[in-house]
Structure formats: C-alpha cells, structure tokens
Amino acid sequence: MNMISLQKTNTIGVIGSGAMGSGIAQVAAAAGENVVLYDSSTAALQKAKASLDATLKKLAEKGKMRAEEANAVLSRIRFASDLGEFSGCGLVIEAIIEDLQVKQKVFSELEAIVTGDCVLATNTSSLPVTAIASACAQPARVIGIHFFNPAPLLPLVEIIPSSFTDAALPARAKSLMEKWKKVPVIAKDTPGFIVNRVARPFYSEAIRIYEEGFVGQQGQGFATIDWAMKEFGGFKMGPFELMDLIGNDVNYTVTETVWKQFFFDPKYKPSLTQKRLFEARLFGKKTGRGYYDYSRPMPEPLKDITLGENICWRVLVMLINEAADALYYGVAAKEDIDLAMTKGVNYPKGLLKWADEKGIEFCLQTMDRLYAEYGEDRYRASVQLRKMVREGKRKFYE
Ligand code: NAI
C-alpha cells in the first residue's frame, strides 16, 4: 500500500456544497489551501458560490478580514462539476447527504479518480466511519473528520479513525486541523462520536422534565426549563430554544439514530413530545413554530429559584453521567470530552471539570436517586462514577 501522507495537502477536495461542504471549503481556503468544491447538483454549486461570495464580502465589510484577503480566499476555491477534478487532491472531505449507500458509492467512485496516497475523509455525523470505509479498496486511507455547524464559526473537529484507518493518520489529521485553526479531538467510531452522544440528555432530560408537568404548561414549561439552564448552568441557550434553532427534524433524527445504533438502549430513547413536533412538521424557527410559536410573544418562565436549580442539576448530572460513561468506554480522553462540549456546542464548562467542582459523590447520588424514583434504565449511573466513589477518587482532574 502507498504511504498515506496528508503532507501533500496542496489541494483539498470537498464533495457536497451544502451547509457543511461550503463551510469546510471556506475554512480550508481561509487557512491558505487550494480547494476544489464539487456537488452533483449544479444549482447547489451555484448557491454555494453565491453564499460564499456574500459571506466573504460581509466579513470584509465588518472589518473581520481585509478585502484583498476575502478575495484571495474566494479565489482559492474552485467550483467543479466534474468529479475528475479531484485527481490532484491530497485530501478529499465528503459532506454529501447522510445516506450510507450513497456515501459508499461516492467513496468507491473517488478511489478510481484520486491517487493512492490521497486521504478520504467523511463529515458524517451519525454513520459509522468503518461502514463507509468498508466499501473502499484501500480502507486504511479513510477517516472521519467531523466539523460542526456552522463550520467557519465552531472550532471543534472530531477526528474519527475507523477499524481500518492507518495508525499514523489520526495524528496527521489532527495537525492539519490545527493548521486550519480548529480544535481537533480524537473520538472512537461509536454512535454520535463525542458531542452527539454526550449532549443527548440536554434535550431528552429537559423534555422529560417538561412532560412531568410541574414546570408549567406548554410555552411556559419550555420557557421555565430554558431559563433554569441559562440562569443556573450558564448555558447560552436553553434546550428548547436550541432544539428549535437546530430544527426538530434534525435533532429528532440524530436522537433516533443514536438510540437505534446503541441497540435501543433506553438511555437514548427519543421522546414522544419531540416526535409529535417532527410529525407535525413543527421544526422550530425555520418553520415559524416548534416548541415555541414564533408568531407570538415569548412566554414568561416560572422564576422559582429552587425549581430552577433542581431542573438545572438534574439535566447537568445526566450530562455528566453520559460524559463519564463516554470516558469509561474509551470514546475519548477526558480532556477531549471536555473540549468537545465547550468547543462544539458552546457549553460554559467541560462536563468532567464540572463534576469535579460539584462532587463526584453528589453526581452518583443524584443518579441513584433518579433511578430509585423512576426505576428506569435511562437513569442508570455510569460505572465510572460508581468506581470513582468506591475507590475514593474524588476528581477527574487531580
Ligand atoms: P446539505 O443537504 O446542506 O448538503 C448536501 C449536499 O450534498 C447537497 O448540496 C447535495 O446536492 C449534495 N449531494 C448529495 N448527494 C451527492 C452526491 N452523490 N455527490 C455529490 N454531491 C451530492 O447537507 P449538510 O447539512 O451540509 O450535511 C452534509 C453532511 O454533513 C452529512 O453527512 C451530515 O450528516 C453532516 N453534518 C451535518 C451537520 C449539520 O448540522 N448540518 C453537522 C455536521 C455534519
């Protein structure tokens, strides 16, 4: 097999010019790379060109970039309607539709075009990188490089080696991402990688609390939980505002995918409340209505401090428990788990650091209390927390 290098990244190929692909192209070009951006749809390619043009102009107008620099970034992106233009690339990043068969087909088509040492990366958020690589003649060159939306603004990139990936490739991908001014973390090829797994309780526990009805009905209930997470947790957005922004179609689908991929582990079970919104096409801000109705004034929360603190800590402990579990099962190193949540979804603090501050024992006791109360597997405490308490280990970071 040829040496897979990533050194020769003089041209970066990006396949799929949608929200993610055009953002990734912008990031690479801003870092000085020459980029070829391809899409099978001419309309999508034209749209990407117009929107990159507008974005870079805006950056120059706002003084975030010199006008010449903005022009230079744009001139480094070549918009291609022929896959053959990837032939000289050192790295191709795929950001097409989230469909395993389509991705596998594109990867084998790419292999017939690129040279033997070209690295093929996928930006998938929910498909196993190993399954995509399995369709390749040279699966050792395939790796996950997962950006967050919007790619130019969110610093996190998850690097995901598959079962086949060349052992030297993750470190090389990491240094390339650093060159692109990103914050890379390495994650195991497990459902949701780090962020989309660890963040699940932010949404699901918030919905569960709402469903229990003691926080107020409808809008007031959502507003109370959003207020609690912002007021006592320091989150920039509450879970319902955030789901409405991400889109309940996207957020529900990620939840369902992670749950299915974990063989229906009840910890990740989606909620009927969100499923109904999804079925009603009440996707959130983009459709004018989701949890909130954006044609009306926003509802007022019930600003009860004890209630707010209880809500916040219940959600936070569930998040900490998930982060601890990800650590226990070797999904990533503790520093990477904390970085992932602060740099990928803007959490005010790393969850394991938060656990240290609040106390591991408190977290375990909260989980055990929830489990005793509800008797549901969804509330099972992570072995990581239980072991730490048993062994008298008080902190993740000593
Ligand atoms: P999008 O729908 O905005 O763009 C996808 C583009 O791929 C479209 O322009 C489409 O024409 C093109 N395409 C579809 N099939 C193709 C093919 N066979 N060959 C070439 N082009 C093709 O999708 P988005 O949101 O940019 O997502 C792309 C990938 O990135 C997916 O795998 C998604 O899971 C992942 N991702 C999405 C994030 C998000 O928040 N939107 C975040 C991180 C990853």
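Side-chain atoms are counted along with the backbone in the values below, which use heavy atoms only and exclude waters and symmetry mates. First listed ligand is number 1; within each ligand, the first listed atom is number 1.
Note on Lys393 versus Glu391: no salt bridge recorded, every NZ/NE/NH1/NH2 to OD/OE distance being 4.0 Å or above. The pair Lys182-Glu178 does not meet the salt-bridge criterion, since no charged nitrogen lies less than 4.0 angstrom from a carboxylate oxygen. A salt bridge does not link Asp377 to Lys269: none of the charged nitrogens lies less than 4.0 Å from a carboxylate oxygen. A salt bridge links Lys353 with Glu357; the closest basic N to acidic carboxylate O contact falls under 4.0 Å. Using a cutoff of 4.0 Å between basic side-chain nitrogens and carboxylate oxygens, Glu94 and Lys103 are scored as salt-bridged.
Using a 4.0 Å threshold on non-hydrogen atoms, atom 2 (O) of ligand 1 does not count as touching the protein. In this structure, atom 23 (O) of ligand 1 has its sub-4.0 angstrom surroundings free of protein heavy atoms.
Under a 4.0 Å heavy-atom criterion, Phe148 is not in contact with ligand 1. Contact between His146 and ligand 1 is present, with at least one heavy atom of the residue lying under 4.0 Å from the ligand. In this structure, Lys103 has a heavy atom closer than 4.0 Å to ligand 1.
Closest to atom 35 (C) of ligand 1 among all protein heavy atoms lies Asn123 O, 3.4 Å. Here the protein heavy atom with the shortest distance to atom 4 (O) of ligand 1 is Gly18 CA, 3.2 Å. Considering only non-hydrogen protein atoms, atom 36 (N) of ligand 1 sits nearest to Ser125 OG, 3.5 Å. Looking only at heavy atoms of the protein, atom 29 (C) of ligand 1 is closest to Ile96 O, 3.2 Å. Of the protein's heavy atoms, Asp39 OD2, 3.6 Å lies nearest to atom 6 (C) of ligand 1. Here the protein heavy atom with the shortest distance to atom 5 (C) of ligand 1 is Ala95 O, 3.8 Å.
Near Glu98, the atoms of ligand 1 lying under 4.0 angstrom from a non-hydrogen atom of the residue are 31 (C), 32 (O), 33 (C), 34 (O). The ligand atoms of ligand 1 that sit less than 4.0 angstrom from a heavy atom of Tyr38 are 20 (C). Short contacts between ligand 1 and Ala19, defined as distances under 4.0 Å to a heavy atom of the residue, involve ligand atoms 3 (O), 26 (O). In summary, the atoms of ligand 1 found under 4.0 Å from a heavy atom of Val102, numbered by their order in the structure, are 18 (N). Numbered from 1 in the order shown, with element, the atoms of ligand 1 that lie under 4.0 Å from a heavy atom of Gly16 read 7 (O). Remark: ligand 1 atoms within the under-4.0 Å shell around heavy atoms of Ser40 are 13 (N), 16 (C), 17 (C), 19 (N), 20 (C), 21 (N), 22 (C).
Side-chain rings of Phe235 and Phe202 approach one another, their centers coming within less than 6.0 Å. Taking the centre of each ring, Phe232 and Trp227 come in below the 6.0 Å mark.
In this structure, Lys358 satisfies the cation-pi test against Phe362, with its NZ or CZ atom closer than 6.0 Å to the six-membered ring centre and inside 45 degrees of the ring normal. Geometrically, Lys49 engages Phe79 in a cation-pi contact defined by less than 6.0 Å to the ring centre and at most 45° from the axis.
Judged by distance alone, the side chains of Tyr292 and Asp226 do bring a donor and an acceptor atom under 3.5 Å apart. Under 3.5 Å, the side chains of Asp244 and Tyr294 contain a donor-acceptor pair of N or O atoms. Side-chain atoms of Ser126 and Gln261 include no donor-acceptor pair closer than 3.5 Å.
Nearest to atom 41 (N) of ligand 1 by heavy atom, out of Ile97, Ile24, Asn149, is Asn149.
Residue contacts with ligand 1, taken as heavy atom pairs separated by less than 4.0 Å, involve Ala44 solely via side-chain atoms from C-beta onward. Proximity of Thr122 to ligand 1, defined as any heavy-atom pair under 4.0 Å, is not found for any part of the residue. Contacts between Val106 and ligand 1 below 4.0 angstrom, taking non-hydrogen atoms only, involve the side chain exclusively.
By the side chain to side chain donor-acceptor pair (under 3.5 Å) test, Arg378 is found to be paired with Glu205, residues two or more places apart in sequence or in another chain being considered.
Residue contacts with ligand 1: Gly21 is placed with no nitrogen or oxygen under 3.5 Å of a nitrogen or oxygen of the ligand (distance criterion only). Close N/O approach between Met20 and ligand 1 is found [any backbone or side-chain N/O within under 3.5 Å].
Aromatic ring orientation, Phe240 versus Phe222: tilted (interplanar angle from 30° to 60°).
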